[in-house]
Each structure stands twice: as C-alpha cells, then as structure tokens.
Amino acid sequence: MNGLSVSELCCLFCCPPCPGRIAAKLAFLPPEPTYSLLPEPEPGPGGASAAPSGTLRTSSGTSGRWKLHLTERADFQYSQRELDTIEVFLTKSARGNRISCMYVRCVPGARYTVLFSHGNAVDLGQMSSFYIGLGTRIHCNVFSYDYSGYGVSSGKPSEKNLYADIDAAWQALRTRYGISPDSIILYGQSIGTVPTVDLASRYECAAVVLHSPLTSGMRVAFPDTKKTYCFDAFPNIEKVSKITSPVLIIHGTEDEVIDFSHGLALYERCPKAVEPLWVEGAGHNDIELYSQYLERLRRFISQELPSHRA
C-alpha cells in the first residue's frame with residue numbers, strides 16, 4: 001500500500017465506511033469476556049453471606065454491590081487471598097456507556113496508584129493476575145477499566161469512546177477513592193496509550209508510562225506517512241508534546257505490531273520524557289519478561305518523580 005496519493009488516502013479514509021469504523025477494524029479486538037459481575041445478595045440474618053469460590057465481595061457501586069466471577073480463561077494465578085484485594089464496580093461514561101472498573105489493593109498505604117489502560121484483545125479478567133504481580137513488585141496499587149465493548153463494559157469500541165472511558169475511570173478513581181492527581185501514574189499499553197496520552201495532555205498527574213505506544217493510526221497502517229491528516233485516528237504524536245508530567249517510554253526493538261520507530265518518534269516529540277527503555281530483542285507482547293522492565297519502572301517511580309527530588 002506504499003505510495004498512495006493524498007487524494008487516494010482521502011478516498012480511503014473519508015468515504016464510507018467512515019474513519020472511525022476503519023479505525024475500529026484496525027485497532028479493536030475485544031475478546032469473549034473472561035469474567036462477569038454478579039449482583040451481591042443482601043446479607044442474611046446471620047450476617048454477610050459467603051461469596052462462592054472465584055467471586056469477590058465489593059463496595060457499593062452506582063448500581064449496587066457486585067462480586068467478580070472469573071472464568072477459566074482468565075487464567076487467574078493466585079489464591080482467594082489475593083483475589084480479596086480486588087474491588088470491582090460499574091461507572092458510567094459521558095457517552096452513556098457502562099464502564100467496568102477494577103481496583104487492586106496491592107500495597108497498604110501505597111504512595112502511588114497506577115491507572116492502567118490495557119492492550120488489545122484482553123479484558124480485566126485476563127489482566128487481573130498481571131495487575132497483582134505488577135503492583136506488588138513496583139509497590140503501587142493498580143486501578144484499571146475495560147473499554148466500551150470489552151469485558152462487561154457496554155457499548156462498542158471507538159476512538160471517542162476510548163477518551164470518554166478513561167475520563168470516567170479517572171473521575172471514579174479520584175472521587176470514589178479520594179486519590180489526588182499527584183498520586184496517580186497513568187500507564188498505557190499498546191492501544192491503551194491512546195486514551196492515556198489524551199488524558200495526560202489534559203490533566204497533570206504524577207507520571208506517565210507509555211508501553212509499546214503508537215504515533216497514530218495512519219502511521220501504523222501506512223508506515224511511510226510523514227504528517228498527521230485531519231482524518232487520522234489516535235494521533236498520539238500530536239498530543240504527547242502537551243503532557244506536563246514526567247513520561248517514561250518503553251518499546252521493544254523487534255516489535256512486530258507497532259514498529260520501534262513509533263516509540264522513538266514519541267520520545268523525540270515529548271519534552272517531559274525521561275531516559276526511555278528500549279528493550280533489545282523484545283517484541284510487542286513480551287517486554288514484561290525482560291528483567292530491565294521492572295528495574296526501569298522501579299527506578300522511575302522511586303527515584304525520578306518530582307516528589308522524590310524535592
């Protein structure tokens with residue numbers, strides 16, 4: 001597809017199907033849900049009823065109390081004790097979708113909470129074990145959410161919904177748990193860097209982590225694209241310069257989905273970027289397996305954030 005003219009690109013992206021639908025076809029692959037949220041029954045005369053195995057008692061949500069049920073495909077790697085550190089609830093986005101949220105209390109009295117926007121083709125059920133492991137190792141609590149159309153979140157995936165979804169998650173984290181922006185680390189992985197960059201360009205927070213980020217939808221689909229067109233989707237490259245919080249960019253040099261050049265380009269455009277982590281030989285989905293991944297995150301959080309330098 002190299003060598004397309006601007007008029008051909010305009011025809012491709014501006015004529016039906018609309019750019020948003022093309023972006024959805026390129027970017028969104030919601031899996032079959034690996035969990036469900038079940039209404040929590042009212043306590044009986046003898047006190048609170050016991051939750052069945054694989055379920056979790058939660059705080060009251062906008063629509064009542066919920067318990068989390070994980071299917072086998074969630075591949076949960078911990079015991080009930082770790083499962084009990086998780087709370088789940090539903091909130092509503094400005095676009096009217098019901099958004100599923102998960103709060104993992106990994107460390108009592110943690111200085112930071114990571115607001116994690118996950119990658120494609122996964123949901124909160126599949127990510128729950130990773131969140132427990134990550135939060136425990138970097139000494140942070142983890143808050144995450146499912147995009148519209150993912151997990152038990154309602155609606156359909158779209159670029160506009162991504163932005164509304166993370167706004168709803170941000171507001172829930174701030175109001176429900178009373179966590180201030182200077183205690184929130186925004187973390188986006190792959191497609192999750194799109195809502196993360198958008199939110200970070202509008203709100204100041206403790207820090208931002210961009211894991212295998214993309215510059216824009218056009219640049220993923222057409223690698224020779226040099227500028228951002230008005231019909232481009234996910235224009236991280238145009239927003240990253242507006243981020244006022246410290247930014248750590250992580251990318252594998254052998255990424256087969258989003259080329260390493262995307263991480264480099266964002267690093268060059270981001271005035272608040274700290275020393276990046278380029279993981280030699282890593283692809284798109286295995287960076288977490290390299291020891292330097294956790295080492296770099298720990299150093300960033302414990303030594304490089306403004307509160308530690310003050």
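No experiment lies behind these values; they were computed from the predicted model shown.
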### Task
Would you confirm whether S245, through its side chain, and V208, through its main-chain N or O, come within 3.5 Å as a donor-acceptor pair?
no
### Message
Using side-chain heavy atoms (C-beta onward) and a distance below 4.5 Å, is M102 in contact with I86?
### Response
yes
### Message
Given 3.5 Å as the limit, does a donor-acceptor pair link the side chain of N161 with the main chain of K156, or not?
### Response
yes
### Query
Any chance the side chains of D165 and S148 put a donor and an acceptor closer than 3.5 Å?
yes
### Message
Taking salt bridge (Lys or Arg N to Asp or Glu O under 4.0 Å) as the criterion, tell me which of K272, R298, R296 meets it with E304.
### Response
R296
### Query
Taking the side chain from S201 and the backbone from V240, do they hold a donor-acceptor pair closer than 3.5 Å?
no
### Over 12 foreign heavy atoms within 6.0 Å of CD, E256
yes
### Message
Checking S79 against E82: is there a side-chain donor and acceptor pair closer than 3.5 Å?
### Response
yes
### Query
Side chain of R269, backbone of S241: donor and acceptor closer than 3.5 Å?
no
### Task
Could you tell me which non-hydrogen atom of S190 sits nearest to which non-hydrogen atom of G119, and how far apart they are?
CB-CA, 4.2 Å
### Message
Main chain of V257, side chain of D255: is a donor-acceptor contact present, judged purely on distance under 3.5 Å?
### Response
yes
### Query
How long is the span from the CD atom in E72 to the OG1 atom in T34, to the nearest 0.5 Å?
12.0 Å
### Query
Considering all heavy atoms of both residues, which atom of L70 and which atom of G125 are nearest to each other, and what is their separation?
CD2-CA, 3.8 Å
### Message
Would you say that Y203 contacts P181 through its side chain, given a criterion of any heavy-atom pair below 4.5 Å between the two side chains?
### Response
no
### Flag for H251-S212: side-chain donor and acceptor within less than 3.5 Å
no
### Message
With rounding to the nearest 0.5 angstrom, report the CG to CG distance, L210 to L248.
### Response
8.0 Å
### Message
Is any side-chain heavy atom of L162 closer than 4.5 Å to one of P157?
### Response
no
### Pairs flagged by salt bridge (Lys or Arg N to Asp or Glu O under 4.0 Å) wherever residues 183-210 is involved - sequence neighbours left out
D167-R202, D198-R202, D198-K239
### Query
Is any side-chain heavy atom of L199 closer than 4.5 Å to a side-chain heavy atom of L186?
yes
### Summary
Residues at least two apart in sequence or cross-chain that pass side-chain contact (heavy atoms from CB on, under 4.5 Å) with D286, listed by chain then number, are A282, L289, Y290
### Query
Does one side chain, of Q292 or E280, offer a donor that lies under 3.5 Å from an acceptor on the other?
no
### Query
Strictly by modelled atom types, are S144 and Y131 linked by a side-chain donor-acceptor pair under 3.5 Å?
yes
### Message
Quick check against the 3.5 Å criterion: does Q126 have a side-chain atom that pairs as donor or acceptor with the backbone of D123?
### Response
yes
### Query
Is there a side-chain contact between I99 and N97, using heavy atoms and a 4.5 Å cut-off?
yes
### Query
With a 4.5 Å heavy-atom cut-off, do V194 and N236 have their side chains touching?
yes
### Query
Does the R137 side chain pair with the main chain of G133, one donor and one acceptor, at a distance under 3.5 Å?
yes
### Message
Quick check against the 3.5 Å criterion: does S153 have a side-chain atom that pairs as donor or acceptor with the backbone of G149?
### Response
no
### Message
Any side-chain to backbone donor/acceptor pair from H262 onto T215? Under 3.5 Å, distance only.
### Response
yes
### Query
Does the pair L305 and Y112 meet the rule for a side-chain contact (heavy atoms from CB on, under 4.5 Å), with working shown?
CA-CA 11 Å; L305 300 192; Y112 296 109; 3.5 Å; yes
### Message
Evaluate L297 against V209 for side-chain contact (heavy atoms from CB on, under 4.5 Å), listing each step before the verdict.
### Response
CA-CA 9 Å; L297 280 175; V209 179; 4.1 Å; yes
### Validation row, ring centre H211 to ring centre Y293 under 6.0 Å
yes
### Query
For the residue pair F116 and F143, is the inter-centroid distance of their aromatic rings smaller than 6.0 Å?
no
### Criterion side chain to side chain donor-acceptor pair (under 3.5 Å) against Q189, the qualifying member of H118, H284, E288
E288
### Task
Identify the heavy atoms of I237 and A265 that sit nearest to each other, and give their distance.
CD1-O, 3.9 Å
### Within-4.5 Å side-chain heavy-atom neighbours: P276 and I250
no
### Separation between CD1 of I191 and CD1 of I258, rounded to the nearest 0.5 Å
7.0 Å
### Message
Test side-chain contact (heavy atoms from CB on, under 4.5 Å) on S216 and F234; report intermediate values, then the result.
### Response
CA-CA 5 Å; S216 77; F234 320 132; 5.6 Å; no
### Summary
The single option from L124, L173, L115 that satisfies side-chain contact (heavy atoms from CB on, under 4.5 Å) with Y145 is L115
### R73 (side chain) donor-acceptor with E32 (main chain) under 3.5 angstrom
yes
## Note on the structure
Residues at least two apart in sequence or cross-chain that pass ring pair (Phe, Tyr, Trp, His ring centres under 6.0 Å) with Y103, listed by chain then number, are Y177
### Task
Kindly give the heavy-atom pair with the smallest separation between A206 and I185, and that separation in Å.
CB-CG1, 4.3 Å
### Task
Can you see which heavy atom on S117 is nearest to which on Y147, and at what distance?
C-OH, 3.1 Å
### Query
Is the shortest side-chain N to carboxylate O distance from E87 to R105 below 4.0 Å?
yes
### Summary
So NZ of K67 and CG of L83: to nearest 0.5 Å the spacing works out to 12.5 Å
## Note on the structure
Separation between CZ (R111) and CG (N141), nearest 0.5 Å, reads 12.5 Å
### Task
Spell out, yes or no, whether F130 and V107 are grouped together once hydrophobic residues are joined by side-chain heavy atoms under 4.5 Å, including indirect joins.
no
### Query
Is any side-chain heavy atom of V152 closer than 4.5 Å to a side-chain heavy atom of Y35?
yes
### Task
Could you tell me the separation between the NZ atom of K160 and the OG atom of S93, rounded to the nearest 0.5 Å?
13.0 Å
### Task
Under the side-chain contact (heavy atoms from CB on, under 4.5 Å) rule, what do L134 and L294 come out as? Steps first, then yes or no, please.
CA-CA 8 Å; L134 176 68; L294 282 175; 4.1 Å; yes
### Query
Can you name the nearest heavy-atom pair linking A121 to Y150, along with the distance?
N-CE2, 4.1 Å
